[in-house]
Number of protein chains: 2
Amino acid sequence: MKNATATSLPSRDAPVSDATLRVFVGYHMKRAFNVIQADLSRTLAPFDLRMLTYTALVLIVDNPGLRQSQLAAAMDMERPNLVVLLDELEARALITRDRVPTDRRAYALRATLAGTQLCKQAVSAVTSHEERLLDGIDKDARAALIATLRRIETGHAKEESA
Amino acid sequence: MKNATATSLPSRDAPVSDATLRVFVGYHMKRAFNVIQADLSRTLAPFDLRMLTYTALVLIVDNPGLRQSQLAAAMDMERPNLVVLLDELEARALITRDRVPTDRRAYALRATLAGTQLCKQAVSAVTSHEERLLDGIDKDARAALIATLRRIETGHAKEESA
DNA sequence: AGATTTAGTTATATCTCATAACTGTTATGT
DNA sequence: ACATAACAGTTATGAGATATAACTAAATCT
């Protein structure tokens with residue numbers, strides 16, 4: 001920990017020191033993610049999608065017929081919170097909730113044609129936006145970044161990578 | 001984009017494919033950050049701190065006398081949202097809001113002794129928890145991770161690093 | 001058949017984060 | 001100097017994300 005001045009009165013534009021927090025990987029991740037998330041929001045806005053509706057849509061397109069519980073688990077969120085999300089996508093006719101004949105409690109989620117098309121456009125927009133955002137970070141650095149993030153995600157950091 | 005089965009009916013436990021999203025660095029960051037953030041919350045709970053109150057407290061300890069606007073800018077949040085945060089810290093007597101004599105509009109934020117002590121304990125707890133979470137990720141990988149995150153944060157991926 | 005579990009839903013509460021509008025104070029500009 | 005603008009902090013408000021409890025209906029288990 002350090003302080004900015006001996007008098008304890010940083011002038012109005014003295015840079016605020018975050019040296020203590022810079023020690024943490026989590027702090028860097030939060031800050032970097034903020035940038036990515038802001039960019040993502042801007043990118044998705046024209047499609048009237050947010051990060052979560054986008055994620056749900058992509059997963060439904062890629063996994064036709066999956067059920068809400070599966071999607072909630074995949075998105076790491078509680079089932080109740082998914083309901084409103086899907087209500088929104090369904091109301092916009094981007095997905096359908098079809099009853100599963102073999103289990104009448106469940107719904108099989110499927111993207112409509114419009115949903116599939118919007119998804120394709122959104123994915124393409126997000127791809128090019130991220131490409132632009134990461135321009136200058138070479139393939140090796142990206143691969144290393146993803147590999148490390150994945151080890152953190154999987155709880156994992158403990159074992160050596162594959 | 002891929003689908004799980006030809007019949008479009010993934011069985012209840014078929015793994016949900018997120019292959020399309022795995023292409024994105026942002027997706028990996030969100031997932032990894034969720035893990036870190038969950039760990040952080042658990043770590044801070046005994047101190048009755050959340051990520052934001054913790055961050056604010058550390059910054060105040062490290063930058064005694066800074067003003068709310070500066071802190072809001074440093075934390076990348078809007079001034080109104082900071083008010084409640086500081087109300088909480090002040091109510092718990094962890095910080096004080098002292099009027100700045102030279103500018104009676106502003107408050108100089110300072111940590112109390114209790115605040116400084118709590119901060120020290122919390123930082124130490126977070127340090128060891130993150131250390132445990134990242135156990136197995138060697139120094140080089142960590143340095144590379146932080147360097148890349150920083151380049152993303154600074155908008156800066158375009159230039160070569162120092 | 002009766003009890004338990006599961007899928008989805010409703011209701012509710014908290015936290016995060018953004019904007020607009022207000023008070024009081026300082027800085028500007030003519 | 002005085003009117004106007006800019007600024008610090010606050011209040012009020014709303015959207016979005018996330019968690020829990022409790023409910024309905026359907027499947028499963030004994």
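For the numbers below, each heavy atom of this structure counts, side chains included, while hydrogens, waters and symmetry mates do not.
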Distance test, side-chain N/O of A/Gln70 to OP1/OP2 of C/dA7, below 4.0 Å: no

Under 4.0 angstrom between A/Ser69 side-chain N/O and C/dT6 OP1 or OP2: no

Sub-4.0 Å heavy-atom contacts from residues 34-55 of chain A onto DNA chain C, ordered by number: none

Residue pair [X] / [Y]: nearest heavy atoms and the distance that separates them:
X	Y	answer
B/Val35	A/Glu153	CG2-O, 3.5 Å
B/Ile60	B/Ala111	CG2-N, 3.6 Å
B/Arg142	B/Leu134	NH2-O, 3.2 Å
B/Leu71	B/Ala56	CD2-CB, 4.3 Å

Side chains of B/Gln68 and B/Leu85 in contact at under 4.5 Å (non-hydrogen atoms): no

Check: A/Val123 and A/Lys120 side chains under 4.5 Å, non-hydrogen atoms: no

Taking [atom1] from [X] and [atom2] from [N], how many angstroms apart are they, rounded to a whole number?
X	N	atom1	atom2	result
A/Lys30	D/dA17	NZ	C1'	13 Å
A/Arg79	D/dT18	CZ	C1'	12 Å
A/Phe33	D/dA17	CZ	P	11 Å
B/Asn81	C/dT19	CG	P	10 Å
A/Gln68	C/dT10	CD	P	11 Å
A/Arg67	C/dG8	CZ	P	6 Å
A/Glu88	D/dA17	CD	C1'	13 Å
B/Leu85	C/dC17	CG	C1'	11 Å

Per [X] side chain, nearest of listed nucleotides [options]:
X	options	result
B/Glu78	C/dT9, D/dG9, C/dA18	C/dA18
B/Val83	D/dT10, C/dT9, C/dA7	D/dT10
A/Pro80	C/dT10, C/dA18, C/dG8	C/dT10

Test item: B/Arg67 side-chain N/O and B/Val100 main-chain N/O as donor-acceptor pair under 3.5 Å: no

Angle between terminal axes - the helix from C/dA1-D/dT30 to C/dT30-D/dA1, 5 pairs each end, rounded to 10°: 10°

Joint hydrophobic cluster, B/Tyr107 plus B/Met77, side-chain heavy atoms closer than 4.5 Å: no

B/Val61, B/Leu66, B/Asp98, B/Thr96 screened by side-chain contact (heavy atoms from CB on, under 4.5 Å) with B/Leu109, the one that passes: B/Leu66

Residues A/Asp135, A/Arg132: salt bridge by 4.0 Å N-O rule: no

Verdict with supporting geometry, A/Arg31 and A/His28, side chain to side chain contact (heavy atoms under 4.5 Å, CB included): CA-CA 5 Å; A/Arg31 297 208 139 241; A/His28 287 94; 5.9 Å; no

Sequence-aligned protein contact record of nucleotides 23-30 of chain D, with B where the base is within under 4.0 Å of a protein heavy atom and S where only the sugar-phosphate is: --BBS---

